[in-house]
Amino acid sequence: MSFLSEVRLKDKFGPFVEFQAGLGFVPNLVLAQSLLPRLIEAQAMLESAVRLREGAIPRVQKERILLIVAAERQDTYCVALDSKILSSLGLLEVQIDSLLADYRNVDLSGSELACLQFCLKLSHHAPSVCSEDIDALRACGFGDESIFEAVVVTALAVYRCTLSLGLGPEPDFGARKLPSTRIVQQHGPASHGLLSGSHEAGQRNGPYVRAPYLSPKTFSPFAIVQKSHGFIPNFFRAQSLRPDLLEAELEAVGRILLPEEALTRVQKESILLAVSAANLNSYCVAMHCNLLRGLGKPSEEGDQIAVDYHEANLSVADEALLDFAVKLGTRGPEFSGRDVVKLQALGFTEEQILECVVVTALNNFANTLQMGLGIEPDFAPPPAFEENKVHLADAVATPIGREGGVYRGDVIQDLDAGLVAQAQDGKLEAFEELVRRHTQLIYRTLMAMLGKPPDAQDALQDTLLNAFKHIGGFQGRSKFSTWLVSIARNTALQRLRARKDVESLDEPERGEEGDFRPRQVRSWADNPEQLHSKSEIQQLVEAGILGLPAKYRVVVVLRDIEQLSTDEVARELGLGVPAVKTRLLRGRLMLREWLSPHFTASTKGAVK
Amino acid sequence: MITCEEFFAEFADYMENQVSPEIRKELNLHLSQCRACRVLYDTSLKTVKIVTESGSFELPHSVSDPIIDCVMAKLRKDRS
Ligand SMILES: [Zn+2]
């Protein structure tokens, strides 16, 4: 028995057959998920790809990683299970006992010791893993494939330990004695040579292992991801060394996250976001903020969950669900069966609780993988999250100031703050100064949305009046200019609604990429802008932009004229980054077609 | 070598300088050997540059000042 009920599944159930073949039995940890068999399928896929399949690291070594990580987490269930597996692979009981007592005193090769040390650091202090740790592994003879596997096996260990903690299965075998003081706690992160974590700010950190290009044309799982996400996240690209594993992972992720029979997708994404935030994982925070936006949640709500979900606008039940997940995912020793009972009291079904446990486990799997492989961000995380993180994580080597300006701690610093305070006190001069500073920004936003100068000028007036009316409610959570743009956007939306033109902005993307394949293949002059006068070019560009469908026009104006970043545009418009990227590219290509006749090189075929 | 279609699938990120070193290498290789994609890339970059530097939708002060003055006058009147 575990915390939740179990139902009997057929012995012929595919994953059971796999576990029988691979381990010789079906662990109780697996049976504890029988209410939702698709979750068992997911675990079986991960286990067989990561643990059982022949790879760069020998099987016994993988089992030792799983055992040591479980022991460090005081996970008696997994320790008993993994000890049994090691003994079935030929290890003597006494060898297993001394491994559990202190792996550093066991006669292992230097490279395996280094590997275990790395895996423990990754499972316990993931945010402090840095490129020096990887260099240390390379110095011991580890190649990309072995490093990759060590990371994935550690991620699997974390996945299993999170499951066993959350589900409380009966042990399959007799308990093993665990020393009371653990190695990582005992020595702290800094005392191990390898565990010295900090690295200089600004230094390029990842990705740590090479990732050969994998085409969606030849690797069908990528085609599916591209279809569902609109792009292929770096998280998956970074694992292209092992397409077989990637495929299993994507299958597993699909089974856990996509169905809505128990928790909703929004609930699952919120769990992933809140637990990633508690794990200080900027990459996953940014990813899930974006996915939540894609599911129709306003950006502010996702941002608030990342910064502090207690302050977010959640129902009592949903807040308790996140409490449960964050405790399970990040404060293991505090978690107990009582937390399960609490959720039941709030009306959650056993299926929902089971799914919450598995989603949390998947989250920790992904967080571990991301940190261990140093996967580069696809999106910027909410600025307020990054700011907060610095305070949360004094002891942790946080990657601040990475390339590409993704991590900008100072982004909230607002030059307008002083004037805003005065304007909020009712000083009209201060308000007037603010307005004059930002007129162009507001006007461009209005033009982008409305497309007609007289409309935009009327709307400018309305926007300024609305801004003054509501300035008392501005709380400084974003820059003042961002807030002004949101007022402008709402003012323009009202006008569009009156014009019954609002659908054109919200219309989802459809049509194949092929429709937008560029037709013009004639090259342009070397310095095309010298072919016409400045005012001619301005007229040409304005006419081109005004001719774009509204949803492309807005994105092009904000990105290429206002020069906001792609993330800022997404935030402004409440769209996912992938949708912004698609619209931006299409808009730019349409403009290119429009401008082309005016800028082609006079001599044919002269391409540099 | 990757196909033009595969190149185009990465094109948006390539333009924004957001592809991994491995993919960049593949795309550069394709560009060096495919005239059509090279023209597409070159002219797209030029498009963005022209649009960005065009000064489009700038509201001349002769238009914006009266609007702001009018708003401020209204606010001052409401105040008194
Ligand atoms: Zn091509």
Side-chain angles (χ1 to χ4, degrees), chain A residues 207 210-213 215-217 226 231 234 237-238 376 378 404 428 431-432 435-436 439-440 443-444 447-448 457 460-461 464-465 468 513 517-518 520-524 528-529 534 537-538 540-542 544-545 556-557 560-561 563 566 581-582 584-585 588-589 591-592 595-596 599 607-608, chain B residues 2-27 29 35-61 63-76 78-79:
Chain A
R210 68 173 201 287
Y213 174 70
S215 166
K217 281 197 83 171
Q226 189 142 44
F231 74 112
N234 287 338
R237 289 188 192 263
E376 295 274 89
D378 306 286
L428 283 171
F431 182 70
E432 181 168 355
V435 159
R436 289 192 191 276
T439 312
Q440 293 297 340
Y443 180 71
R444 281 181 173 150
M447 266 308 280
Q457 287 166 23
L460 173 61
Q461 188 162 347
L464 299 183
L465 290 170
F468 188 78
E513 208 55 61
R517 281 304 293 272
Q520 285 286 352
V521 289
R522 291 189 58 195
S523 57
W524 289 12
E529 53 277 53
K534 203 157 170 14
I537 292 180
Q538 183 181 338
L540 201 57
V541 170
E542 288 185 359
I545 290 178
V556 168
V557 169
D560 287 339
I561 302 221
Q563 300 193 57
T566 310
K581 283 187 181 169
T582 310
L584 179 64
L585 179 64
R588 282 173 170 176
L589 290 176
L591 278 177
R592 173 184 163 278
L595 295 176
S596 209
F599 293 108
V607 188
K608 284 186 290 178
Chain B
I2 59 170
T3 64
C4 292
E5 204 177 314
E6 287 166 334
F7 177 85
F8 192 68
E10 305 291 338
F11 185 60
D13 285 335
Y14 186 67
M15 289 259 298
E16 300 275 290
N17 212 350
Q18 284 183 347
V19 291
S20 71
E22 280 94 353
I23 298 175
R24 173 160 298 276
K25 223 169 71 192
E26 292 286 337
L27 298 177
L29 178 70
R35 181 183 178 278
C37 290
R38 200 157 64 238
V39 171
L40 171 68
Y41 177 60
D42 179 65
T43 55
S44 299
L45 281 188
K46 285 173 176 164
T47 299
V48 173
K49 184 165 185 286
I50 286 171
V51 169
T52 301
E53 292 172 0
S54 67
S56 288
F57 306 126
E58 232 157 66
L59 190 62
H61 281 291
V63 182
S64 64
D65 283 347
I67 295 177
I68 296 175
D69 293 344
C70 168
V71 168
M72 294 315 298
K74 186 172 167 13
L75 292 178
R76 289 201 175 90
D78 289 353
R79 167 75 43 100

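Note on naming: letters A, B, ... go to the chains in the order of the sequence lines (proteins, then strands), and numbering restarts at 1 for each one.
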Interchain contact, [X] with chain A, by part (heavy-atom threshold 4.5 Å):
X: B:E6; answer: both
X: B:K25; answer: neither
X: B:L59; answer: both
X: B:E58; answer: both

Checking heavy atoms, do the side chain of [X], its backbone, both or neither come under 4.5 Å from chain B?
X: A:T439; answer: side chain
X: A:L591; answer: both
X: A:L540; answer: neither
X: A:F599; answer: side chain

From A:S523 OG over to B:R38 CZ, what is the distance, rounded to the nearest 0.5 angstrom?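 With rounding to 0.5 Å, OG (A:S523) is 10.0 Å from CZ (B:R38).
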At what distance, to the nearest 0.5 angstrom, does CD1 of A:I545 lie from OG of B:S54?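 With rounding to 0.5 Å, CD1 (A:I545) is 6.0 Å from OG (B:S54).
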Select, from [options], the one with the greatest count of heavy-atom pairs under 4.5 Å involving chain B.
options: A:F431, A:Y213, A:F468; value: A:Y213
options: A:K534, A:R210, A:E432, A:Q461; value: A:E432
options: A:Q226, A:K217, A:Q563; value: A:K217
options: A:L584, A:L465, A:I537, A:L595; value: A:L465
options: A:K581, A:M447, A:Q440; value: A:Q440

Any heavy-atom pair between the side chains of B:V39 and A:R522 that's under 4.5 Å?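 Not in contact.
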Looking only at the side chains, is there a donor atom on one of B:T43 and A:R592 sitting less than 3.5 Å from an acceptor on the other?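 Yes, because at least one side-chain N or O of B:T43 sits under 3.5 Å from a partner of the opposite role on A:R592.
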Could you go through the side-chain contact (heavy atoms from CB on, under 4.5 Å) check for B:K49 and A:E529 one step at a time? CA-CA 9 Å; B:K49 184 165 185 286; A:E529 53 277 53; 2.5 Å; yes
Do the charged groups of A:R588 and B:E16 touch, with an N to O distance under 4.0 Å? yes
